Amino acid sequence: MPELLLRPDQAFDLDLTLSCGQVFRWERQGDWWRGVAGTHRVSVRQEGRLLTWNGASRRWLAGYFRLDEDLPAILRDIDRDPVVHEAIQKCRGLRLVRQPAWECLGSYICATYASIPVIKRRIALLCQCFGEQADQEGETFRTFPSLQALADADACRITECRLGYRAPYLHETARALVEDPGWEERIRSLPYGEARKELLRLKGVGDKVVDCVLLFAFGMYEAFPVDVWIQRILRERYPGGAGLRTYNQMARFGRAHFGEYAGYAQEYLYCNRAGITGRERGRYVPESQDER
DNA sequence: CACCAGGATGTTT
DNA sequence: AAACATCATGGT
């Protein structure tokens, strides 16, 4: 089984990276994480600086976990206030995952206004129904559904995956993109603002989903996704944050405050959201209620 | 039972 | 442009 020894300066925490809610098809099983990404069924484990895995090449693994980028330098750059400083201390080693574009976009259309465990089950159902069956070392798995598979799918069969009102969004977007091969390369070639406008035309893709996709799949670090948690953190813990009203005000604040790696700052703040490392498991407990 | 979740859409001001 | 209702589902 292949192994990779991280350099001492190559900060990486596999647990934080896979459990923080950026990807939905990984499960922890004992010491191992098992998941499907792209066409790969991967098992991976970390013991200190040692990564052991199978199911993908070394090049693929390093690319997926962005092991090539200088995380300590990014963290020094975004370490600009006490709130993000705390998040960096608690979540050091968290890396953004480099996700396949459609897999990321389709997943986040399914992820709107739902909790992470629910999202994971929905996506598992969707892959079970419409994913392509693949096989690795005797065990079978299913990839994330292709654009074609979802475009061809019966609308009501997508609804059976418990997607609710998101089902027609996913269907329409798949039909639009399957007629537009080259969408991915076009988006990749555009600057952030232009790429954003293009993707916003897709059904089920709003301000937050588009920023997740540009950040997680296209590596545009100026994207600063604002969900309910980030909104709370900005409004309750940042000076002047209470005055931020619209999505764009909060996203611009993030970019102005954190700079070119704002998206990384966002992910650290999200990872350190209320109680996620403690017993609250992500449930929101207002500041004022548990003071004494 | 009420309320919330990695929100988007369509309508009304 | 900003505020608002509505949407489907499952967990707490």
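Because the structure is predicted, anything quoted here is derived from the model rather than measured. The analysis underlying the following values was restricted to heavy atoms, covering all of them including side chains, and did not include hydrogens, waters or symmetry mates. Below, chains carry the letters A, B, ... as their sequence lines are ordered, and counting in each starts from 1.
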Test side chain to side chain contact (heavy atoms under 4.5 Å, CB included) applied to A:Asp152 - qualifying residues, sequence neighbours left out: A:Gln148

Which residues within residues 103-118 of chain A lie with some heavy atom under 4.0 Å of an atom in DNA chain B? A:Tyr108, A:Ala111, A:Thr112, A:Tyr113, A:Ala114, A:Ser115, A:Ile116

Applying side chain to side chain contact (heavy atoms under 4.5 Å, CB included) to A:Gln89 and not counting sequence neighbours gives A:His85, A:Arg92

With A:Ala37 via side chain to side chain contact (heavy atoms under 4.5 Å, CB included) - residues at least two apart: A:Trp60, A:Tyr64, A:Glu103

Do any of residues 156-163 of chain A sit with a heavy atom less than 4.0 Å from DNA chain B, and if so which? none

Quick one: is B:dA5 close enough that its OP1 or OP2 comes under 4.0 Å of any side-chain N or O from A:Arg232? yes

Suppose the criterion is ring pair (Phe, Tyr, Trp, His ring centres under 6.0 Å): which pairs have a residue in residues 185-222 of chain A, not counting sequence neighbours? A:Tyr108-A:Phe216, A:Tyr221-A:Tyr261, A:Tyr221-A:Tyr264

All pairs passing salt bridge (Lys or Arg N to Asp or Glu O under 4.0 Å) where residues 43-66 of chain A contributes a residue, at least two apart: A:Arg45-A:Glu47

Which pairs count as salt bridge (Lys or Arg N to Asp or Glu O under 4.0 Å) when at least one residue sits in residues 171-181 of chain A, sequence neighbours excluded? A:Glu172-A:Lys203, A:Asp180-A:Arg186

Using a 4.5 Å side-chain heavy-atom cut-off and chaining through intermediate ILVMFWY residues, the residues clustered with A:Phe141 come out as A:Val36

Please list, pair by pair, any protein nitrogen or oxygen found under 3.5 Å from a nitrogen or oxygen in nucleotides 9-11 of chain B.
from  : atom 1 : to       : atom 2 : distance (Å)
B:dT9 : OP1    : A:Gly204 : N      : 2.8

Note: with side-chain heavy atoms under 4.5 Å as the link, the other cluster members for A:Val118 come out as none

Let me have the donor-acceptor pairs involving side chains of residues 5-24 of chain A, under 3.5 Å, with sequence neighbours excluded, atom names and distances please.
from    : atom 1 : to      : atom 2 : distance (Å)
A:Arg7  : NE     : A:Asp9  : OD1    : 3.2
A:Gln10 : OE1    : A:Arg7  : N      : 2.9
A:Gln10 : NE2    : A:Leu67 : O      : 3.0
A:Asp13 : OD1    : A:Asp15 : N      : 3.0
A:Asp13 : OD1    : A:Leu16 : N      : 3.0
A:Asp15 : OD1    : A:Arg28 : NH1    : 2.5
A:Asp15 : OD1    : A:Trp33 : NE1    : 2.7
A:Asp15 : OD2    : A:Arg28 : NH1    : 2.9
A:Thr17 : OG1    : A:Asp13 : O      : 2.8
A:Thr17 : OG1    : A:Arg95 : N      : 3.1
A:Ser19 : OG     : A:Asp15 : O      : 2.6
A:Gln22 : OE1    : A:Val97 : N      : 3.1
A:Gln22 : NE2    : A:Thr17 : O      : 3.2
A:Gln22 : NE2    : A:Arg95 : O      : 2.8

